[in-house]
Trainee: 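Below you'll find the structure I mean.
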Amino acid sequence: NTAASATTKHHPLDASTTILMLQPSVDMQFSFTVAETDIVENNDLYLPGGVLTSLTVPRGLGGTINLNYIGLSASGTVKIIEV
């Protein structure tokens, strides 16, 4: 997937996904929501570029969980593995 620097991307997660592995090529901000939600800079979670990170999906939100993400200062890619 692409982590654009100007547009929030939305990735709906499979209902059985409990863990995400993310590896962005650029610094990015992200959030988990039940609706497609734009990232508000400096108000969401941060991941540094080039680092593989494991996250637990917050299933308590209910419904279809979306991973919302945006690249910071540059366009890049992000590897998303659902477990």
Side-chain angles (χ1 to χ4, degrees):
N1 290 332
T2 302
S5 62
T7 307
T8 300
K9 301 294 184 181
H10 312 283
H11 179 80
L13 301 176
D14 188 83
S16 64
T17 300
T18 57
I19 296 173
L20 278 184
M21 303 290 288
L22 299 175
Q23 186 175 24
S25 64
V26 297
D27 293 358
M28 70 177 239
Q29 284 184 293
F30 71 97
S31 67
F32 291 106
T33 59
V34 292
E36 292 183 355
T37 305
D38 287 340
I39 298 294
V40 178
E41 199 167 329
N42 299 321
N43 205 18
D44 291 288
L45 301 168
Y46 170 84
L47 284 177
V51 176
L52 178 63
T53 303
S54 172
L55 301 167
T56 301
V57 176
R59 283 284 154 207
L61 296 175
T64 299
I65 306 296
N66 286 287
L67 170 68
N68 307 296
Y69 60 94
I70 190 168
L72 300 177
S73 75
S75 292
T77 59
V78 59
K79 292 178 187 174
I80 301 173
I81 300 170
E82 297 184 44
V83 182

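Small disclaimer: the values here were computed from a predicted structure and weren't measured.
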Trainee: Taking C-beta and beyond as the side chain, do L47 and L22 meet within less than 4.5 Å on heavy atoms?
Mentor: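 Side chain of L47 against side chain of L22, heavy atoms only: contact under 4.5 Å found.
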Trainee: Indicate the atoms forming the closest heavy-atom contact of P48 with P24, along with that distance.
Mentor: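 It is O-CG, 3.6 Å.
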Trainee: Taking I65's backbone N and O only, do any of them form a donor-acceptor pair with R59's side chain (distance below 3.5 Å, no angle check)?
Mentor: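 Such a contact is absent between R59 side chain and I65 backbone.
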Trainee: Could you tell me which residues satisfy side chain to side chain contact (heavy atoms under 4.5 Å, CB included) with N68, sequence neighbours excluded, listed by chain and number?
Mentor: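 Side chain to side chain contact (heavy atoms under 4.5 Å, CB included) list for N68, sorted by chain: T8, H10, S31, T33, T37, I39, N66.
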Trainee: Check whether any side-chain heavy atom of L13 sits under 4.5 Å from a side-chain heavy atom of E82, and report yes or no.
Mentor: yes
Trainee: Under a 4.5 Å cut-off applied to non-hydrogen side-chain atoms, are V34 and T64 in contact?
Mentor: no
Trainee: Between T53 and L55, is there a side-chain heavy-atom distance shorter than 4.5 Å?
Mentor: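 Side chain of L55 against side chain of T53, heavy atoms only: contact under 4.5 Å found.
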Trainee: E36: what forms a side-chain hydrogen bond (donor to acceptor under 3.5 Å, both in side chains) with it, not counting sequence neighbours?
Mentor: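 For E36 there are no side-chain hydrogen bond (donor to acceptor under 3.5 Å, both in side chains) partners, ignoring immediate neighbours.
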Trainee: Does the pair Q23 and V78 meet the rule for a side chain to side chain contact (heavy atoms under 4.5 Å, CB included), with working shown?
Mentor: CA-CA 5 Å; Q23 186 175 24; V78 59; 5.9 Å; no
Trainee: Report the hydrophobic cluster partners of M21, with the cluster defined as I, L, V, M, F, W, Y residues connected by side-chain heavy atoms closer than 4.5 angstrom, directly or transitively.
Mentor: I19, L52, I81, V83
Trainee: Is there a side-chain contact between Y69 and Q29, using heavy atoms and a 4.5 Å cut-off?
Mentor: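 No; the side chains remain at least 4.5 Å from each other.
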Trainee: Quick one: side chain to side chain contact (heavy atoms under 4.5 Å, CB included) partners of L45, sequence neighbours excluded?
Mentor: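 L45 satisfies side chain to side chain contact (heavy atoms under 4.5 Å, CB included) with F30 only.
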Trainee: Taking only residues two or more places apart in sequence, or in another chain, which ones meet D14 in a side-chain hydrogen bond (donor to acceptor under 3.5 Å, both in side chains)?
Mentor: S16
Trainee: Heavy atoms only: give me the nearest G76-S25 pair and the separation to one decimal.
Mentor: CA-OG, 3.4 Å
Trainee: Under the side chain to side chain contact (heavy atoms under 4.5 Å, CB included) test, which residues partner T18, sequence neighbours left out?
Mentor: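 Expected list: none.
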Trainee: To the nearest 0.5 angstrom, please state how far the CG atom of L67 sits from the CZ atom of F32.
Mentor: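 One finds 5.5 Å between CG of L67 and CZ of F32.
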Trainee: Between atom CG of D38 and atom NZ of K9, what is the distance when rounded to the nearest 0.5 Å?
Mentor: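 It is 11.0 Å, given to the nearest 0.5 Å.
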